[in-house]
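Just below is one structure, and these are the notes that go with it.
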Amino acid sequence: MIAGQWINGRAVAGSGGAFDVTNPADGSVIETLTLASAADVDAAVMAAAAAFPAWSSATPAERSTALHDLARLMSARAQEYAEVESAQAGKPIRLASEFDVPGSIDNAEFFAGAARHLQGSAATEWDGTHTSTIRREAIGVVGSIAPWNYPLQMAMWKMLPAVAAGNTIVLKPSELTPLTTLMLAEDATAAGFPDGVFNVITGTGQVAGEALMGHADVRMVSFTGSTRVGLRVAEVATAGLKRLHLELGGKAPFVVFADADLQAAIHGAVAGALINTGQDCTAATRAYVHSSIYEDFVAGVAKLMDTVVLGATDDLATDLGPLISIAQQQKVAGMVERAVADGAMVRCGGTIPDLPGSYYSPTLITDAAQDSDIVQNEVFGPVLVALPFDTDDQAIALANDTPYGLAASAWTTDVVRAHRASRDIQAGCVWINDHIPIVSEMPHGGFKQSGFGKDMSSYSFEEYTQVKHVSMDITGDAHKDWHRTIFAMKGD
Ligand code: NAD
């Protein structure tokens with residue numbers, strides 16, 4: 001049994017009862033920990049509030065040094081991070097060790113640099129009589145809530161910009177996958193984060209999540225998760241007039257024009273749809289393919305999906321791991337079954353393989369209606385739907401025809417088409433001739449019901465600061481010229 005909470009620089013047992021963290025690949029218990037109650041959340045927020053004055057007035061260089069040291073400590077046990085992440089989230093070890101962990105460490109390095117690079121408008125006398133300067137100030141205690149699909153990366157995307165900008169934070173990971181976030185908190189303290197700057201509370205959404213969002217001393221709520229829960233988060237944060245940052249669901253289109261490199265598109269579609277077993281908010285989910293190459297695309301994707309190796313997540317030969325839980329497996333299977341009942345065709349997969357844990361086979365679906373559940377809503381599994389189109393305008397209209405707008409890709413060798421697609425597709429990120437790659441320097445975040453606010457990059461850093469205008473009179477006059485508009489010039 002481990003504590004489950006990291007409050008004020010140390011491991012603390014929660015008073016919300018015991019919870020088993022399990023490995024979705026075989027259902028085995030990895031760790032038992034205690035969950036947070038509302039009282040534990042309160043203690044964490046109090047610790048963060050107490051740490052705020054000193055941390056927000058630390059020099060940027062001091063904050064930067066702590067972040068660099070965190071990156072160094074994480075690098076020293078990168079393999080352990082990858083193994084724990086793989087076990088708790090059901091990720092193939094290749095994905096955890098080549099994507100999740102190095103990406104997280106690179107993020108820490110980026111924000112260590114960003115901490116020393118605040119930007120603002122020119123300080124000058126805009127009206128000739130006052131010197132204006134802009135201060136970028138930390139906001140206070142940030143309450144952050146993260147999902148289970150990329151536990152370590154999501155914790156980093158929440159914590160790093162907040163702390164680099166001088167805020168203190170209470171972060172709630174999903175109770176299904178808290179272990180690498182707790183390792184991160186331990187390393188942050190060892191790296192010199194003062195007590196209370198970064199607190200982790202492991203608890204359920206209903207208890208710990210609600211208590212955190214509603215806490216009076218939390219000034220900003222930063223949430224990554226489903227659009228359904230995001231709506232509830234917005235409601236609570238709005239009631240407390242808290243600053244809000246929402247990274248929600250996605251349903252990324254993958255548009256293949258007639259002139260595309262077909263082999264590149266086929267490989268891109270399979271990789272983009274199956275990354276993290278499709279449990280990726282930017283995963284390719286809807287392939288719209290020009291009718292002249294549609295059947296070749298479908299045949300190529302089905303053939304490549306068939307070669308994907310499902311297996312134990314600690315085996316380097318495994319391509320695809322399980323879904324996060326049996327409940328998620330049943331949800332995915334149910335959506336595919338309903339699509340078939342409504343007339344769609346399964347061209348590959350569509351089965352629960354004979355393996356322990358919560359696996360689902362790579363699945364390609366055709367002949368679904370544009371307005372059907374499987375095309376419109378998040379499946380969050382290894383399922384790609386392919387549909388044909390005839391004109392460029394039709395392709396863009398179909399791509400934009402869901403409530404989401406997180407990410408998209410367009411595949412073409414025509415530079416004009418590439419530019420038009422990147423302009424017309426309504427999404428926070430449009431890839432041209434690729435799908436998925438991300439970098440610490442560039443923003444990630446949605447349009448429409450995929451939320452608002454950006455993770456990573458300097459855009460994210462700015463979100464965790466508030467802008468203050470300082471206006472300083474430089475005339476030294478007792479009677480300012482503008483006073484004439486209020487009262488006549490009388491007296492000395
Ligand atoms: P979820 O919305 O069910 O849960 C996310 C987090 O919210 C968890 O920590 C959960 O405990 C908490 N929560 C649940 N109910 C709550 C409540 N009432 N109050 C406060 N907190 C509550 O999402 P999930 O199933 O963990 O993750 C998958 C979802 O996350 C998908 O929709 C995916 O698209 C989305 N996601 C989005 C991004 C992005 O950057 N836009 C990144 C990763 C995942």
Side-chain angles (χ1 to χ4, degrees), residues 16 19 21 24 35-36 38 41 88-90 100 103 107 143-158 170-178 181 200-215 218 221-237 239-240 242 244-252 275-285 323-325 327-328 331-332 377-381 402-408 427-429 436 438 442-457 459-460 463:
F19 184 80
V21 178
L35 292 177
V41 173
Q88 68 173 355
D100 296 77
N107 250 264
S144 290
I145 297 178
W148 46 258
N149 61 340
Y150 290 103
L152 181 62
Q153 292 203 78
M154 294 303 104
M156 295 298 266
W157 290 11
K158 298 266 160 251
V170 179
L171 170 66
K172 190 197 91 61
S174 167
E175 70 276 22
L176 301 179
T177 54
T181 308
V200 176
I201 50 157
T202 303
T204 63
Q206 287 301 324
V207 176
E210 294 270 343
L212 180 60
M213 291 184 307
H215 200 292
V218 168
V221 172
S222 175
F223 173 82
T224 299
S226 62
T227 298
R228 182 185 62 80
V229 177
L231 286 167
R232 169 70 186 148
V233 171
E235 193 178 85
V236 176
K242 297 174 197 294
L244 184 58
H245 173 113
L246 294 174
E247 295 287 353
L248 308 178
K251 189 74 187 174
I275 184 164
N276 210 35
T277 316
Q279 301 164 120
D280 182 311
C281 50
T282 62
T285 59
L323 293 158
I324 188 68
S325 62
Q328 187 67 13
K331 181 196 160 203
V332 172
N377 296 313
E378 263 194 318
V379 179
F380 235 52
T402 73
Y404 298 105
L406 187 58
C429 172
I436 290 297
I438 51 175
M442 286 290 118
H444 166 96
F447 286 12
K448 295 157 72 179
Q449 294 212 359
S450 292
F452 44 80
K454 300 293 178 195
D455 282 332
M456 304 198 291
S457 77
Y459 295 95
S460 156
E463 292 205 9

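When a ligand or atom number is given, it counts from 1 through the structure's own listing order. Bear in mind that the values here come from a model prediction, so they are computed numbers and not experimental data. Both backbone and side-chain heavy atoms feed into the values below; hydrogens, waters and symmetry mates do not.
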### Task
Would you mind listing every salt bridge (charged side-chain N to carboxylate O under 4.0 Å, His left out) that reaches into residues 202-212, with sequence neighbours excluded?
E210-R232
### Query
How far apart are the C-alpha atoms of F380 and N149, what are their side-chain angles, what is the distance that settles it, and do they pass the side-chain contact (heavy atoms from CB on, under 4.5 Å) test?
CA-CA 10 Å; F380 235 52; N149 61 340; 3.5 Å; yes
With distance as the sole test, does [X] use its side chain to make a donor-acceptor pair with the main-chain N or O of [Y] at under 3.5 Å?
X: T181; Y: A155; value: no
X: K172; Y: I201; value: no
X: S450; Y: G249; value: yes
X: K242; Y: H215; value: yes
X: Q279; Y: I324; value: yes

### Query
With a 4.0 Å cut-off, strictly under, does atom 4 (O) of ligand 1 pick up any protein heavy atom?
no
With a heavy-atom distance limit of 4.0 Å, tell me whether [X] approaches ligand 1 through its side chain, its backbone, both, or neither.
X: T227; result: neither
X: M154; result: side chain
X: Y150; result: neither
X: D280; result: neither
X: A146; result: backbone

Among all protein non-hydrogen atoms, which one is nearest to [atom], and what is the separation to 0.1 Å?
atom: atom 22 (C) of ligand 1; answer: G205 CA, 3.3 Å
atom: atom 18 (N) of ligand 1; answer: E210 OE2, 2.8 Å
atom: atom 27 (O) of ligand 1; answer: P147 CB, 3.3 Å
atom: atom 15 (N) of ligand 1; answer: V229 CG1, 3.5 Å
atom: atom 34 (O) of ligand 1; answer: E378 OE2, 2.5 Å
atom: atom 40 (O) of ligand 1; answer: H444 NE2, 2.7 Å
atom: atom 10 (C) of ligand 1; answer: K172 NZ, 3.8 Å
atom: atom 36 (N) of ligand 1; answer: C281 CB, 3.7 Å

Minimum heavy-atom separation for [X] to [Y], with atom names?
X: V21; Y: E175; answer: CG2-O, 4.1 Å
X: G445; Y: L406; answer: C-CD1, 3.6 Å
X: P443; Y: Y459; answer: CG-CD1, 3.7 Å

### Message
Please check if the number of heavy atoms outside F452 that lie under 6.0 Å from its CZ is greater than 12.
### Response
yes
### Message
Checking K448 now: which residues fulfil side chain to side chain donor-acceptor pair (under 3.5 Å) with it, not counting sequence neighbours?
### Response
Q426
#### Entry: Side-chain heavy atoms of T285 within contact of V379, under 4.5 Å
no
### Query
Heavy-atom distance under 4.5 Å between the side chains of H245 and T224, does that happen here?
no
Distance filter under 4.0 Å to [X] heavy atoms, resulting ligand 1 atoms:
X: N149; result: 43 (C), 44 (C)
X: L406; result: 41 (N)
X: I145; result: 6 (C), 7 (O), 9 (O), 12 (C), 20 (C), 21 (N)

On a heavy-atom basis, I'd like to know which of [options] is closest to [atom].
atom: atom 7 (O) of ligand 1; options: W157, W148, F223, F380; value: F223
atom: atom 41 (N) of ligand 1; options: L248, V236, V233; value: L248
atom: atom 2 (O) of ligand 1; options: A407, S174, S226; value: S226
atom: atom 35 (C) of ligand 1; options: A252, G249, G225; value: G225
atom: atom 19 (N) of ligand 1; options: Q279, M213, E247, R232; value: M213

### Query
Hey, is E175 one of the residues with a heavy atom under 4.0 angstrom from ligand 1?
yes
